[in-house]
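What follows is a single structure, written as structure tokens, with notes after it.
In what follows, residues are counted from 1 in the order of the sequence shown.
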Amino acid sequence: MKGIKTLFFTNIKLHKYLLIIGLAGLYSYAGFIDYQILYKTHDAGNTLQFSSFLIQAGMLFFMLFGFQLAKKNLNGNLYLVLKERMRRIHIFNVIFLLSICVLFVFSFICISSTYYYLLNPTNKFNVESAMFLINNWLLPFSIMSLIGYVIGINSSNKLIYSLLVIIWALLSPTNLYFLGNLISNTKIGVGNTWLQNINFGVHDLNTPYHPFYGFTFNWYKKIGYLLTLIIIFLFSIIFINKKIVQRFNLALVLISLVSMSLIPYTTINTYNIKQMGKDYEYYSGNQWRPQEKLFNYDISSIDLNIQNNKKLNVDLKMKVNNVRHSKLAFTLYKGFKISSISTQSGESLKFIQRGDYTTVDFSSIQDNKYTLNISYSGNGTLANPANSKGVYLPADFSWIPSNLPYSTHLIFNEHYIANSFKRESKIKYSLRYKGNGNTIYTNLRQTYDNQYEGKSLGVTLISGDLITQVKGENTLYYPRSWFPYKDDIEDYVSRLQVYLDRYNGIFHTNHQLPTKIFLLPNMAINDSLIYINSSSADDYIALQIDPVELTKKRSILTGLPYQIDRAFGNHNKIDNSQRFSNWLVFNAMLGGYLDYKAGNKSKESTTLKEYQLYLAEAYIKKENTNVYSKLLQLDETSLSPSFFDEWKKILLDNKMDDWKQLENLIESKS
């Protein structure tokens, strides 16, 4: 025990300046990041995600500290005196080295957890935060310290410092980010992939933390490499002071690094620019569409068997009847690729999938009732993802085959937006789901573990890094990292009820807040000023907000009156950009009116209203601009509930003369 105490204080004395300057610098840097992002903006997720420069600095410090700790023990006289006991000293030094890593990281785990507790004692983000710090701070620091120590005890050449710098440059996240961008500009994809695989820090500095998906951890690769380095270290001290073995050990370190770079990280691409480009090109062009008569059949039930791994894999049984032709067609988002279609008896059917539309050939079967077995898979879209990290597939998104004969998305203001595919009448659904174990919600009734069934207009599936909170009769679902904004979220829900009551008064409806309320971040890259994304079905409503000080564009209450009609308005026929622009004008005027009646009219709300009107203006035909000008001359004081009630009936009548009818309405109310 006395010897251990002596070694401990000897190490402190020999390396006091490096420890004081290095650790003090790291603590100061980490404190600055925490203060600027965590304490000022309460953004727990991005505080961690933006720590790549700190990770890089820590990796350099612990590598140099490990190297210096080993070099101090290579003095020839010391080895002659201690002989066999030198191995024990090396083992102690490595334990001492790793203990410093653990102490540094766990001190920040304690500080962060304490602060999280003070913000909200019920928060569940402290565990996720600790996992991030262990995965992206502790493991890289420990690996770099062992690399430094192993190189230190196996080399006395002063040029070895250049090797240390090269290794640090290759493994550090910030270096690799900038170098990766340089290589990607030269179109050398293999080199960029290699750099990503060897990276120990945050994968992409340009991608901020997304609260819906949470963090991605790659434990096996980092822990596996740490164990490899421990084996190389043990081999080094067994054959200590043998030149040939020392060179072999140095070679092992380099070989292990190269080997590790060949093992890819397990990542989910939640931001697929290439797919977005293909989608935009498809929906902005002329699309092939089957004859409308091929959609003229009935769907009586759909049975879904889903396995959610890296992508959503669906095996579906769809019962159809009243089939009038030898072929039928259905609509399914083009990102879901169909692998097979067969009958209930197992007979394979010929099919053609072109974009959003699939035709199935029944010429070999003479019947008007079929059960189709359809297998397909995909990752959804950026706005409606479907992967193991997160699933947001609302009932009106086209992730299930439908006999509605229009495309799944429309182009509006250079963005592609999902059409509504909510059915007009309910059908029977059953669902079996196997996924990654995160919060799972579906609007169907649970019958057994991971099994659901019920009649509905469509099926909703939501899974992500979410927590639940009970508020009165409602259950709120929102991202785990939003715990500092608990009061803002509760205030939002309270105001939501107020606006919904006013909405009911205008349109003579009796909508109630459903028992389950999902408050989700914006998934797509398009600004929420362009598209107010809300959905509802049966017992839930999903609204997209952003309460986080660092990333929000406006107060979450500003968009609230503009979200009501999208969720409760039953606009099932917004299937092209013209109809969407007509609805956007209506929604902008309605949102401004609701705000005015609630006494909450603000500059932000006015800006939001004016911007939506500006976006819709480009789609207003020349012959309708005069009516549009008359509409803009009406302010909130001259509008009435009956005006909006009549206007909404115009939008829902499926006639194509909305602006002519609106002109007559304006004249009758003036």
Side-chain angles (χ1 to χ4, degrees), residues 55-56 58-71 73-74 86-87 90-91 93-95 97-98 101 135-136 138-177 179-180 182-183 188-201 203 217-267:
I55 295 171
Q56 178 155 306
M59 289 170 69
L60 178 62
F61 165 73
F62 283 107
M63 182 181 67
L64 293 177
F65 182 45
F67 181 77
Q68 287 298 109
L69 195 62
K71 293 295 287 183
N73 292 323
L74 282 180
M86 182 61 77
R87 294 191 181 95
H90 281 308
I91 292 173
N93 284 343
V94 166
I95 294 173
L97 182 62
L98 296 178
C101 296
N135 188 279
N136 290 291
L138 180 58
L139 289 178
F141 294 168
S142 301
I143 287 171
M144 294 302 288
S145 62
L146 277 176
I147 288 176
Y149 199 90
V150 169
I151 291 176
I153 62 176
N154 285 289
S155 175
S156 57
N157 192 326
K158 292 183 178 180
L159 293 176
I160 204 69
Y161 280 103
S162 60
L163 177 62
L164 290 174
V165 172
I166 291 172
I167 291 174
W168 170 73
L170 286 175
L171 299 182
S172 301
T174 314
N175 291 336
L176 294 188
Y177 171 69
L179 188 56
L182 179 65
I183 290 178
I188 306 176
V190 175
N192 193 24
T193 301
W194 181 80
L195 288 174
Q196 292 174 358
N197 290 340
I198 204 171
N199 181 7
F200 272 128
H203 176 68
F217 300 124
N218 290 278
W219 295 103
Y220 298 117
K221 185 171 179 177
K222 292 178 182 177
I223 292 175
Y225 189 60
L226 183 64
L227 294 175
T228 300
L229 288 172
I230 291 174
I231 292 171
I232 296 174
F233 162 72
L234 294 174
F235 192 73
S236 299
I237 64 173
I238 291 173
F239 300 98
I240 194 168
N241 217 34
K242 293 184 179 181
K243 295 291 184 182
I244 297 178
V245 177
Q246 287 178 344
R247 292 183 188 133
F248 178 70
N249 290 333
L250 291 175
L252 275 180
V253 172
L254 298 177
I255 291 171
S256 64
L257 280 172
V258 173
S259 300
M260 186 197 70
S261 69
L262 300 176
I263 304 172
Y265 280 115
T266 303
T267 57

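Residues Lys222 and Ile143 come closest through the heavy atom pair O-CD1, 3.6 Å. For the pair Val150 and Leu229, the tightest heavy-atom approach, listed with the atom from each and the gap, is CG2-O, 4.2 Å. Of all heavy-atom pairs spanning Ile55 and Phe141, the tightest one is O-CE2, 3.4 Å.
Each of Ile91, Asn93, Leu98 was scored for a side-chain contact (heavy atoms from CB on, under 4.5 Å) with Ile95, with one residue passing: Ile91.
With values rounded to the nearest 0.5 angstrom, Ile151 atom CD1 is found 4.5 Å from Leu164 atom CG. Rounded to the nearest 0.5 angstrom, Ile153 CD1 and Phe67 CZ are separated by 11.5 Å. To the nearest 0.5 angstrom, Phe233 atom CZ is 7.0 Å from His90 atom NE2. Distance check, rounded to the nearest 0.5 Å: CE of Met63 to CD of Gln68 gives 11.0 Å.
For Leu227, the side-chain contact (heavy atoms from CB on, under 4.5 Å) test picks out Ile223, Ile230, with sequence neighbours left out. Every side-chain hydrogen bond (donor to acceptor under 3.5 Å, both in side chains) that Asn249 has, sequence neighbours left out, goes to Asn154, Ser236. Legend: residues meeting side-chain hydrogen bond (donor to acceptor under 3.5 Å, both in side chains) with Ser256, ordered by chain and number and at least two apart, are Tyr225.
Proximity of Ile147 to Trp168: side-chain heavy atoms (C-beta onward) are nowhere separated by under 4.5 Å. Within the 4.5 Å cutoff, the side chain of Ser142 has heavy atoms near those of the Leu138 side chain. Looking at Met59 and Ile167, their side chains never come closer than 4.5 Å, going by heavy atoms from C-beta outward.
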query = Please walk me through it: do Thr228 and Leu252 pass side-chain contact (heavy atoms from CB on, under 4.5 Å)?
reply = CA-CA 10 Å; Thr228 300; Leu252 275 180; over 6 Å; no
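Other residues, nucleotides and ligands place more than 12 heavy atoms under 6.0 Å from the CZ atom of Phe235.
Taking the six-membered ring where the residue is Trp, Phe61 and Phe65 present parallel rings, their angle staying beneath 30° rather than reaching 60°.
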